[in-house]
Amino acid sequence: MDGTIIMKIYHGTVTISATLSIAKKTWIMRLKAPEVAKLAKAGQFVMLRIPGCRAPLLGRPLAIYAVEGECVDIVYAVVGHGTELLSRQERGMKLEIWGPLGNGFPEGEEGEEPILVAGGIGQTPMRMLAIRFLERSPEQKVTLLMGHRSEEWMACEEDFKQLSEDYGNRLKMELATEDGSLGHRGLVTDLLAGCLRATSHVYACGPFPMLRRVAEMTAERQVPCHVSLETPMACGMGICFGCVTKQKAATPEGWDYCRTCTEGPVFDASQLVWD
């Protein structure tokens with residue numbers, strides 16, 4: 001693997017070790033990327049680009065799902081031309097990569113009860129985060145809430161079941177689908193309403209309306225909450241200012257723009273402006 005590391009960010013080419021469809025329009029891709037694997041933290045992401053491709057010219061930001069030895073696993077949904085092209089790439093092909101990028105999830109505090117809330121493809125940063133909490137102490141328990149439109153879209157369910165078994169069933173998973181085809185019929189935030197405790201700390205990733213509702217619910221209960229935003233990005237390194245979001249600040253307006261790729265993608269939900 002050739003490339004350079006600048007400020008703990010690797011840029012170079014990596015090889016696809018495996019790629020597999022795991023749910024409707026959802027894929028997992030394993031990349032042999034030892035330099036990225038050494039640096040990656042839960043909640044960070046990489047930018048991926050097909051070398052020589054001009055349409056699209058820009059890379060795609062994708063959350064790091066897992067690190068296995070020298071390999072990095074990426075789970076992504078096909079939502080446009082760029083991710084459609086990625087899904088056509090095969091084992092042995094090369095990709096341009098830069099990362100890991102972003103701040104990742106905070107460490108949290110001893111004694112908290114982590115609740116991980118994933119909507120849509122939002123489960124992608126949750127595996128590494130769950131492992132980090134489960135390895136913190138042999139008594140630590142973690143709740144994972146996953147929601148999607150229907151069963152055929154639900155990805156990584158079996159992987160998280162196996163993860164729970166590996167850690168003595170200390171990972172409790174609950175599922176919700178909008179059509180009721182799997183788990184609770186309704187939204188993943190319905191499940192969250194029954195889980196919140198004074199000792200909870202919520203970590204969420206998913207569509208903006210879901211994150212906004214999670215922020216409202218945790219604010220009402222005065223429960224700490226960190227969210228990972230799924231903001232479209234162009235460079236991933238704070239150069240283009242194309243992924244800004246509103247954050248509370250001491251300005252006349254009461255807020256200012258910040259870059260999701262560098263100041264985030266993880267934010268304290270209470271510090272964001274959700275209008």
Side-chain angles (χ1 to χ4, degrees), residues 1-20 22 26-50 59-77 83 86 89 94-108 114 116 118 121-136 140 142 144 155-156 159-160 162-163 166-167 171 203-206 226-231 233 235-239 243 259-267:
M1 187 171 83
D2 61 329
T4 58
I5 298 177
I6 302 174
M7 297 175 60
K8 295 187 178 181
I9 297 175
Y10 174 82
H11 177 245
T13 57
V14 294
T15 302
I16 300 173
S17 299
T19 182
L20 178 68
I22 57 174
T26 307
W27 293 75
I28 186 168
M29 177 182 287
R30 174 161 290 186
L31 305 171
K32 188 175 182 182
E35 299 299 340
V36 176
K38 284 191 298 185
L39 300 170
K41 299 188 300 181
Q44 290 187 300
F45 66 98
V46 296
M47 298 290 291
L48 289 181
R49 181 178 177 275
I50 300 172
R60 290 295 179 266
L62 300 172
I64 299 171
Y65 177 67
V67 171
E68 301 289 343
E70 294 187 336
C71 293
V72 171
D73 290 348
I74 305 296
V75 172
Y76 65 96
T83 45
L86 275 180
Q89 304 306 295
K94 302 287 186 179
L95 291 176
E96 182 182 356
I97 191 172
W98 53 107
L101 303 167
N103 57 355
F105 285 103
E107 292 295 324
L116 316 185
I121 199 66
Q123 83 277 13
T124 48
M126 297 306 181
R127 188 177 188 275
M128 290 180 67
L129 183 61
I131 291 173
R132 192 176 76 191
F133 288 132
L134 292 167
E135 292 185 342
R136 187 159 65 182
Q140 179 72 72
V142 179
L144 171 65
C156 305
D159 194 9
F160 281 109
Q162 184 61 56
L163 182 64
D166 293 343
Y167 284 88
L171 174 64
Y203 302 84
C205 181
H226 284 83
V227 297
S228 179
L229 301 182
E230 297 180 338
T231 308
M233 299 177 189
C235 72
M237 299 176 64
I239 300 171
C243 63
R259 295 164 295 179
T260 303
C261 64
T262 51
E263 283 94 339
V266 179
F267 294 91

Self-check item: Full working for side-chain contact (heavy atoms from CB on, under 4.5 Å) between Leu101 and Gln44
Solution: CA-CA 6 Å; Leu101 303 167; Gln44 290 187 300; over 6 Å; no
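- The minimum heavy-atom distance between Cys205 and Met126, with the atom names listed, is N-CE, 3.6 Å.
- Using a 4.0 Å cut-off between a side-chain N of Lys or Arg and a carboxylate O of Asp or Glu, Arg136 and Glu107 do not qualify as a salt bridge.
- With Arg30 as the fixed residue, the side chain to side chain donor-acceptor pair (under 3.5 Å) test singles out one of Thr19, Asp73, Thr15: Asp73.
- In this structure, SG on Cys156 lies 4.5 Å from CD on Gln123, to the nearest 0.5 angstrom.
- Separation of atoms CD1 (Ile74) and CZ (Phe45) is listed at 11.0 Å; rounding is to 0.5 Å.
- Here Glu68 pairs with Arg127 in a salt bridge; the nearest charged N to carboxylate O distance falls below 4.0 Å.
- For the residue pair Cys243 and Thr260, the shortest heavy atom distance occurs at O-OG1, 2.6 Å.
- Pairing each heavy atom of Leu86 with each of Met29, the nearest pair is O-CE, 3.6 Å.
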Self-check item: side-chain contact (heavy atoms from CB on, under 4.5 Å) assessment of Leu134 paired with Val142
Solution: CA-CA 7 Å; Leu134 292 167; Val142 179; 3.9 Å; yes
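- Residue Ile50 holds its CD1 atom at 15.0 Å from NZ of Lys94, rounded to the nearest 0.5 Å.
- If you run side chain to side chain contact (heavy atoms under 4.5 Å, CB included) between Val46 and each of Ile9, Val36, Val14, Leu95, only Val36 comes through.
- Across Phe105 and Gly43, no two heavy atoms sit closer than the pair CD1-CA, 3.6 Å.
- Among all heavy-atom pairs drawn from Cys235 and Met47, the shortest one is O-CG, 3.8 Å.
- Looking at Arg259, its side chain does come within 3.5 Å of a backbone N or O of Gly238 through a donor-acceptor pair.
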Exercise. Could you walk me through whether Leu31 and Cys71 pass the side-chain contact (heavy atoms from CB on, under 4.5 Å) test, one step at a time?
Key: CA-CA 5 Å; Leu31 305 171; Cys71 293; over 6 Å; no
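- Here the side chains of Thr13 and Ile97 are not in contact, with every heavy-atom distance at 4.5 Å or above.
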Practice problem: Tell me, with the steps shown, if Ser228 and Tyr203 meet side-chain contact (heavy atoms from CB on, under 4.5 Å). | Solution: CA-CA 8 Å; Ser228 179; Tyr203 302 84; over 6 Å; no
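- Annotation: salt bridge (Lys or Arg N to Asp or Glu O under 4.0 Å) contacts of Glu135 (sequence neighbours excluded): none.
- For the pair Ala63 and Thr124, the tightest heavy-atom approach, listed with the atom from each and the gap, is CB-OG1, 3.5 Å.
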